[in-house]
Amino acid sequence: MSSRRTIGVVTVGRSDYGIYRPLLEALDEAADLEAQLLVSGMHLSEEHGLTVRQIEADGRPIAGRIEMSADGDSPQAIAESMGRGMIGFGRLFAEWRPDILMVLGDRYETFAAAAASLPFNIPIAHLHGGEATFGAFDEAFRHSISKMAHIHFPSTELYGRRLVQLGEAPWRVHPTGALAVDNILRLPILGREELESRFGLDLSEPPLLVTHHPETLSPETVQADCDALMSALRESGL
């Protein structure tokens with residue numbers, strides 16, 4: 001019997017897979033640990049680029065592929081996706097159980113995986129708990145996952161204290177920093193000419209980078225918010 005402990009790492013999209021990378025590489029070096037990916041969500045969606053191909057290209061072991069995406073992003077579609085996810089992860093855990101289930105963040109797909117693991121008594125390690133996501137139902141999923149988890153790896157001391165305020169035992173909470181910072185420190189920095197060439201950009205004038213995060217708790221305001229943003233951009237002259 002192998003003495004290596006298996007860590008089932010739940011990944012539901014490019015966003016969390018990119019964050020996981022330095023951790024997965026560190027686990028590769030651990031003689032007593034083996035990481036197996038549980039791939040679900042947008043990774044398996046043609047509409048979102050079928051990004052499981054990136055995982056395959058990296059040569060990462062995949063313990064299971066759990067289809068859960070419904071058509072669209074309506075409240076009904078999200079609820080149906082969560083139901084499919086719980087059924088799919090439940091079937092997987094009935095056949096194969098990791099020693100520890102590792103989950104990250106606040107996605108509803110991640111919530112489905114964590115909830116499905118509870119009847120199987122699989123310990124959960126949660127990364128990025130204790131954070132606040134105002135205006136989005138993601139915050140409720142994040143805190144719910146934290147309450148299901150057995151050990152916590154928040155990114156800051158502040159978020160660790162918030163987990164303790166939520167009732168988690170202090171000895172279970174280990175602030176470890178943000179893996180995305182490790183990624184930033186390890187990424188090669190492109191020079192201006194290479195950046196322009198690779199992405200077809202003209203950086204002779206200062207660029208304007210804009211990101212907009214709609215409030216999922218107020219979908220009725222999204223159109224007006226986007227209209228206001230576009231109006232402000234047009235008036236900026238950039």
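To the nearest 0.5 Å, atom CZ of residue F89 and atom CD1 of residue I122 are 10.5 Å apart. To the nearest 0.5 Å, atoms CG (D225) and CE (M230) are separated by 13.5 Å. Here the CD-CZ distance, from Q165 to R161, works out to 8.0 Å after rounding to the nearest 0.5 Å. Here the OG atom belonging to S117 is positioned 10.5 Å from the CZ atom belonging to R97, to the nearest 0.5 angstrom. From I145, atom CD1 reaches atom OH of Y108 across 13.0 Å, with rounding to the nearest 0.5 Å. A distance of 10.5 Å separates CZ of F153 from CG of L179, quoted to the nearest 0.5 Å.
Annotation: side chain of L163 is not in contact with side chain of Y159 (no heavy-atom distance under 4.5 Å). Residues M148 and S146 have side chains not in contact (no heavy-atom distance under 4.5 Å, counting atoms from C-beta outward). L166 is listed as a side-chain neighbour of H143, based on a closest heavy-atom distance under 4.5 Å. For the pair S15 and I19, the minimum side-chain heavy-atom distance is 4.5 Å or more. Taking the side chain as every heavy atom from C-beta outward, L238 and L233 never approach each other to under 4.5 Å. Between H212 and C226 the shortest side-chain heavy-atom distance falls below 4.5 Å. Residues R5 and E34 have side chains not in contact (no heavy-atom distance under 4.5 Å, counting atoms from C-beta outward). Counting heavy atoms from C-beta on, the side chains of S231 and R234 come closer than 4.5 Å.
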Checking S45 against H43 for the side-chain hydrogen bond (donor to acceptor under 3.5 Å, both in side chains) test, could you report, in this order, the C-alpha distance in whole Å, the side-chain angles of both residues, the deciding distance, and whether it holds? CA-CA 6 Å; S45 167; H43 277 310; over 6 Å; no
Candidate pair Q36 and I7, rule side-chain contact (heavy atoms from CB on, under 4.5 Å), full reasoning: CA-CA 6 Å; Q36 296 268 351; I7 301 178; over 6 Å; no
Please lay out, stage by stage, how H150 and R172 fare under the test side-chain contact (heavy atoms from CB on, under 4.5 Å). CA-CA 7 Å; H150 301 75; R172 296 179 182 270; 3.9 Å; yes
Let me see the working for H174 and I151 under side-chain contact (heavy atoms from CB on, under 4.5 Å), right down to the final yes or no. CA-CA 8 Å; H174 306 271; I151 188 167; 3.9 Å; yes
Can you list the steps and then say if R107 with M42 is a side-chain contact (heavy atoms from CB on, under 4.5 Å)? CA-CA 11 Å; R107 294 286 304 178; M42 289 186 286; 4.1 Å; yes
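By the 4.0 Å N-to-carboxylate-O rule, R4 lies too far from D99 to be salt-bridged with it. For the pair R60 and D28, the salt-bridge criterion is met [side-chain N within less than 4.0 Å of a carboxylate O]. A salt bridge links R65 with E56; the closest basic N to acidic carboxylate O contact falls under 4.0 Å. Between E131 and R142 there is a salt bridge, since at least one side-chain N of the basic residue sits less than 4.0 Å from a carboxylate O of the acidic one. Comment: E194 engages R198 in a salt bridge, judged by a side-chain N to carboxylate O separation of less than 4.0 angstrom.
In this structure, I62 is a member of the same hydrophobic cluster as M102, with clusters built from ILVMFWY side-chain heavy atoms closer than 4.5 Å. Connection of M86 to I66 is not established within any shared hydrophobic cluster, with ILVMFWY side chains joined at heavy-atom distances below 4.5 Å, either directly or through further cluster members. Tracing side-chain contacts under 4.5 Å through hydrophobic residues (I, L, V, M, F, W, Y), one reaches V39 starting from L27; they form part of the same cluster. Cluster annotation: L208 is connected to L229 through the hydrophobic network of ILVMFWY side chains, with a link wherever side-chain heavy atoms come within less than 4.5 Å. A continuous path of ILVMFWY side-chain contacts below 4.5 Å connects L24 to L104, so both sit in one hydrophobic cluster.
A side chain to side chain contact (heavy atoms under 4.5 Å, CB included) with L37 holds for exactly one of V52, I55, V10, D58; it is I55. Evaluated for a side chain to side chain contact (heavy atoms under 4.5 Å, CB included) with L38, the options V12, L101, V103 yield exactly one hit, L101.
Residues S204 and E196 come closest through the heavy atom pair N-OE2, 3.9 Å. Of all non-hydrogen atoms in V173 and P154, the two that sit nearest each other are CG1-CG, 3.8 Å. The heavy-atom pair separating S69 from G41 by the smallest distance is OG-O, 3.6 Å. Considering every non-hydrogen atom in both A149 and H126, the closest pair reads CB-CB, 3.7 Å. Between W96 and G8, the shortest heavy-atom distance links the atoms CH2-CA, 4.2 Å. Taking every heavy atom of both residues into account, G90 and A116 meet most closely at N-CB, 3.9 Å.
Residue pairs satisfying the salt bridge (Lys or Arg N to Asp or Glu O under 4.0 Å) criterion with at least one member in residues 211-220, sequence neighbours excluded, are absent.
No side-chain donor-acceptor contact under 3.5 Å links S218 to the backbone of T221. A donor-acceptor pair is defined here as one N or O able to donate and one able to accept, closer than 3.5 Å; no such pair exists between the side chain of D106 and the backbone of A140. Of the possible donor and acceptor atoms, one in the side chain of S81 sits under 3.5 Å from a partner among the backbone N and O of A77.
Within a 6.0 Å radius of CZ in R84, more than 12 heavy atoms belonging to other residues, nucleotides or ligands are found.
Classified by interplanar angle (parallel below 30°, tilted 30° to 60°, perpendicular above 60°), the ring pair F141/F111 is tilted.
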